[in-house]
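Structure record follows, encoded as structure tokens.
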Amino acid sequence: MDAKDILGIPKTQLPTTQEKKSRPQKEPQRKPDGISREVYALTGGLAPLMPSIDVSQLKKRPPSDEKVYFLSINFLHFGMVNDVLNCCNLYNLKESIPCIQITWQWLPFTNSARKDNLQLYHWVRVVNGVPPTGDYSFAKYNKSVDVVKYTDEEYEKYLTDPMWTKEETDQLFELCERFDLRFIVIADRFPSSRTVEELKDRYYGVSRAILIARAPSPTDVSGHPLVKEVERKRALSMVLSQTKHQERKDAEVLAEAKRITDSRMASRAAEEPEMPVASHVGSESADRAVVLGDTVSPSSNIQLPSATVVPSTSIIADSASTLASLRMLRVYLRTYALEQMVQAASSSAGLRTIKRVEQALQELGVNLKPKVPTKAVCAEHLELRKEILTLLNLQKQLQYKEAEGSSYRDGSYIDMPGTPKRSQRAGDQDRTFVPESINFGGERVGKRDQKRKGPGRLSEAPSSPAHKRPRKKASDL
Amino acid sequence: MEGEIEPVDCASASKPPRLEIPKVPDDSEKPIAIKRLKDVEICVPIVYGTMAFHLGRKASESQSHRWTVYVRGATNEDIGVVIKRVVFQLHPSFNNPTRVVESPPFELQECGWGEFEIAISLFFHSDVCDKPLDLYHHLKLYPEAESGPKSTKKPVVMESYNEIVFPEPAEGFFARVLNHPAVVVPRLPAGFVLPTPVPIDSVHEKGRGDTKNHPLSHWFMNFSEADELLKIASARQQVQAHIIKLRRELNMMNGLPPPPNPASGHDYA
């Protein structure tokens, strides 16, 4: 039982003719059964199923088209076109060209990746008597690491280290070269016991030192990862560990620098002919940012990576820079200017705070956006907003102070069931503290009241937790 | 535009002779440097908006209102001194939705049934600014309250007040508008020398550009700076007083002793 039986093809269809020439003429006339038309066309003629291949025949004669389709036809039927093509290629059945001779020969070869001229043998596909040329196909995968090689002089000058002898360093580098920086292996083979980290440290330290030492100028190597990364990480950690005070100082310096560049740009622009500036304002501010980075870093002695965001800027700095950017515009609307200034003033405030400011404005009867935005009105409006912000901050400070005081006191009373820790209530953050009426008559800001929903109410009418006194409703203006 | 002396023919005798402004022959190489006044702000208060009349019996499905969109000086003075032309961009369903008004009063009248946002672009004279300024206004046809029969006499008016600010005006512009009622110009220090003002190409010599006697002027809204200022000032006073109070309290609190105060024990009773 062979494949032919499975396919139900009569075995006599095996082509056995020796003449190649008669073949092509015969093919188109044969219309085999059991093979679809497309397959028939694909193979460029009759593709007899299941010819049996005589190995001796293969060797003796160049194979013709009909031969050796083998199970490839099966594959075609089942849609495995690639396999068909592979088979065709394997047996060199391309385009009905019968004259290519393929043989496989057991030939010696050399491997350029080897240094010892070892000669091995393998099967080689020979086409028309010509063996393939070129290097051993796997030689290209023989990659190695460029391990730094230092001279003794260089060692004396740059690489000495109290923890490492020259001998050890030399051994390390030899192993690195041999094992392609596979530190685990190197650590294992290292004569004296050193941790992987120590070895790595020493290797990279030496490499870095050599790199810097050999570089003709510092700028050449400043972009190299060995050098750049260290610097970058150091800068990052410095930024991380900056105190708030330092942050603010930095911000102020940056703002000042920006202002200076702005005024410089402005004066330059004034001298230049009038050009449409607005379209350039965007790119100018981008340029300014870049310039800023360059001018500030040397002065502050920190090379801040460009991706770092400047931490919270002081409100004054923001306003100043907004004013400067407004001046850069050739024309703008008063309302636009106000919006920008309001944004600048609230830059340090969170969304909730901003909402509270707006609520406060509403309760004071002031339009969120002035109906008559003249210069004076806008200025007053801005000042009002700033004052409300100050007020809110003060109220928050007061809360915290209260919380500190009360939590301290709470701590001394261990078993107090039913007394919720007021100090830990975060709910009050949601309330708007709107100072509407001033008639609080000397009530001390004591324990905070329970959280209430609804429009912001007065903060200044606290009740002790025991009673829930209704708050004084704001009197209308 | 302004640049060459034109020969005065009989045909164009009506044209006023224009001053020659010396120009560098090669425009492409050396553009003129325009001197600007730093720390000086020219401000043009404007009011823009719409006014819509219901057509009453003459109203149809597609045309229920006749409305006007306009930009005027806040004090009804002629803003043509600063603005050269205004482009109103209407809803695409209108024919030629881009309407250009070349002379003051900068307004446009149309009929329609729908409310939409109108984009208003202000183009200034060449010595003022060569960038346009964009405003947006929502056309309002229907009043807030559902007041019974729609009056054809009383329009639905929606106006916005704003001010156009020129932060560093060119000298020539400043000199030209120095005394114009439509423009707010700060006083310059004594002895400041300005160039001789050059009149601009005025297209609208024919009519008047101000809106003082505009047919719809009695419907214009009133914008009182004083009211708003007063309101804000009183609000500020309140806030300031409150701040003082809180500051005082905070200071008091900082003087409180840190150890637990037995007197407050009763709070936990």
Is K371(A) close to K231(B) at the side-chain level, that is, under 4.5 Å between some pair of heavy atoms? no
Applying side-chain contact (heavy atoms from CB on, under 4.5 Å) to E168(B) and M328(A), what does each step give before you reach the verdict? CA-CA 9 Å; E168(B) 269 183 11; M328(A) 295 297 296; over 6 Å; no
Residues in side-chain contact (heavy atoms from CB on, under 4.5 Å) contact with K212(B), at least two apart in sequence or another chain: N76(B), E77(B), D210(B)
Can you measure from CD (Q237(B)) to CG (L364(A)) and round to the nearest 0.5 angstrom? 12.0 Å
For the residue pair V366(A) and R236(B), establish whether any side-chain heavy-atom pair is separated by less than 4.5 Å. no
Say you draw a straight line from CD of E249(B) to CD of E402(A); how long is it, rounded to the nearest 0.5 Å? 9.5 Å
Does any non-hydrogen side-chain atom of Q397(A) lie less than 4.5 Å from one of R247(B)? no
Winner by heavy-atom pair count (cut-off under 4.5 Å) against chain A, out of V184(B), N162(B), L229(B), L250(B): N162(B)
In Å and rounded to the nearest 0.5 Å, what is the OG1 to CD1 distance from T390(A) to I243(B)? 5.0 Å
Atom CD1 in I388(A), atom CD in Q240(B): separation rounded to 0.5 Å? 11.0 Å
So what's closer than 4.5 Å to chain A heavy atoms on L135(B): side chain, backbone, both or neither? side chain
What heavy-atom pair brings P167(B) and L329(A) nearest, and what distance separates the two atoms? CG-O, 2.9 Å
Heavy-atom pairs under 4.5 Å with chain B, option from V372(A), N367(A), T335(A) with the top count: V372(A)
Residue part contacting chain A, namely of D134(B), when any heavy atom lies under 4.5 Å: backbone
Side chains of E163(B) and L333(A) in contact at under 4.5 Å (non-hydrogen atoms): no
Considering residues at least two apart in sequence or located in another chain, which fulfil the side-chain contact (heavy atoms from CB on, under 4.5 Å) criterion with E41(B)? Y332(A), R334(A), K375(A), V165(B)
Going from CE on M252(B) to CG on L398(A), what distance comes out if it is rounded to the nearest 0.5 angstrom? 9.5 Å
Donor-acceptor contact present, side-chain E380(A) to main-chain I232(B), <3.5 Å: no
So what's closer than 4.5 Å to chain A heavy atoms on S224(B): side chain, backbone, both or neither? backbone
Non-hydrogen atoms of chain B under 4.5 Å away: do they reach the side chain of L361(A), the backbone, both or neither? neither
Tell me, for L133(B) versus chain A, whether the close heavy atoms (under 4.5 Å) come from the side chain, the backbone, both or neither. side chain
So, taking the atom named OH in Y161(B) and the one named OG1 in T374(A), what distance separates them when rounded to the nearest 0.5 Å? 5.5 Å
Taking all atoms of both residues into account, what is the closest heavy-atom pair of V377(A) and E225(B), and its distance? CG2-CG, 3.7 Å
